[in-house]
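Take a look at the structure below.
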Amino acid sequence: MTDGLSATFFERPVLDVARDLIGCTFLFDGVGGRIVETEAYAPGDPASHGYRGQTARNAVMFGPPGHLYVYFTYGMHFCANLVCEANGVGAAVLLRALEPTVGAERMAARRGTAAPRQLCSGPARLCQALGIGREHNGLPVWEPPITVLPREGSDPAATPGDAAELPPMPPEPQIVTTARIGMSAGDDGRRWRFVDAQSAFLSRGLRDNGV
DNA sequence: CCAGTGATTCTCT
DNA sequence: GAGAATCACTGGC
């Protein structure tokens, strides 16, 4: 099996992990792509599900790093997060968008559209496209059906055939930070959304940026 | 712009 | 325990 990311990658400050995940590859049951958009939810962050302490719903967030935290919202959508920081700390990175590289046909079937930017661009779309649901809450990301590959060794299965051709993807993502999406109250100036500015697969375009 | 949809959590009895 | 408010979204007007 290919070397994927392990617990030590996730047992770090959640902002660092959210940034470093951009350009990595996330696969679920052999379907997925390159991570182009994430959001960090930190300890002490009023927008985080963990802000008011551990509950049955958010328990996985407080568990060991490197596990999948899946939650159900708005009566119809699932969203997937990767748990970060030490065991006992409530922190996670929301996966907001992938650039599809593997299994686009299966994604299209589940999503009901073949438009590439409608497959994985958005946290609930991503879960629907990859078939992620409540039953996957708490799974470790280094065991099947999940694979998270580091940025350098981008997915070998994505480009069958000649490796001599020039890769269509840029080698390094151009990472830009923005405010997070969908915060009902103000977000206190946090810029905890991380995107690859060169990607055409973001859930929404770039607005404010900079540091 | 706004409605759908239902689990979860908060705020009282 | 019951009732209400909220919700890290999406698709269709």
Side-chain angles (χ1 to χ4, degrees), chain A residues 10 13-19 21-22 26 28 32 35-63 65 67-85 89-100 107-139 141 176-196 199-209:
Chain A
F10 297 96
V14 65
L15 289 168
D16 293 347
V17 178
R19 179 196 63 220
L21 279 170
I22 301 296
F26 182 87
F28 189 89
I35 299 170
V36 296
E37 178 175 345
T38 62
E39 281 179 3
Y41 289 85
D45 167 14
S48 170
H49 288 174
Y51 183 58
R52 294 169 199 258
Q54 180 171 340
T55 66
R57 181 207 203 192
N58 65 21
V60 170
M61 274 187 91
F62 289 84
H67 290 243
L68 195 68
Y69 165 49
V70 181
Y71 69 87
F72 182 69
T73 192
Y74 289 102
M76 56 185 91
H77 299 302
F78 293 100
C79 296
N81 299 255
L82 303 178
V83 175
C84 296
E85 310 217 7
V89 177
V93 174
L94 173 68
L95 297 176
R96 286 198 58 94
L98 306 180
E99 175 177 332
M107 296 188 210
R110 288 195 277 240
R111 289 277 301 121
T113 175
R117 281 189 268 194
Q118 298 293 302
L119 298 178
C120 290
S121 297
R125 291 171 172 175
L126 185 159
C127 282
Q128 188 182 18
L130 272 57
I132 296 174
R134 140 176 292 122
E135 67 270 30
H136 306 117
N137 189 32
L139 294 180
V141 303
V176 166
T177 65
T178 80
R180 293 177 291 185
I181 308 294
M183 306 288 99
S184 61
D187 201 18
D188 220 20
R190 293 181 178 87
R191 291 184 299 274
W192 288 1
R193 174 179 176 237
F194 297 81
V195 306
D196 179 354
S199 176
F201 294 86
L202 305 182
S203 69
R204 299 160 86 142
L206 298 176
R207 299 191 293 202
D208 55 46
N209 76 21

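Just so we're on the same page: letters track the sequence lines, and every chain starts at 1. Fair warning: this is a prediction, and the values are worked out from it, not measured in the lab.
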*Report yes if some heavy atom in the side chain of A/Val36 is under 4.5 Å from a heavy atom in the side chain of A/Leu98; otherwise report no.*
no
*Side-chain contact, heavy-atom cut-off 4.5 Å: A/Asp196 with A/Ile35?*
no
*Between A/Arg191 and A/Thr178: side-chain donor-acceptor atoms closer than 3.5 Å*: no
_Flag for A/Arg110-A/Gln128: side-chain donor and acceptor within less than 3.5 Å_ = no
*May I ask you to check whether A/His136 and A/Phe28 place their ring centers less than 6.0 Å from one another?*
yes
*Is A/Glu39 salt-bridged to A/Arg180, cutoff N-O under 4.0 Å?*
no
*asked:* Taking side chain to side chain donor-acceptor pair (under 3.5 Å) as the definition, give me every residue that meets it alongside A/His49, ordered by chain and number, with sequence neighbours left out.
replied: A/Tyr69
*Assign a letter to each nucleotide of nucleotides 4-13 of chain C from its 5' end: B, base within under 4.0 Å of a protein heavy atom; S, sugar-phosphate only; -, no contact.*
---BBBSS--
*Determine whether more than 12 heavy atoms belonging to other residues, nucleotides or ligands lie under 6.0 Å from atom CZ of A/Arg117.*
no
_Length of the CZ-C1' vector between A/Arg52 and B/dT11, whole Å_ = 12 Å
*Which range-with-range stems can be found for DNA chain B when each stem has 3 or more Watson-Crick or G-U pairs in a row and both distances sit under 3.5 Å?*
B:1-4 with C:9-12, B:6-12 with C:1-7
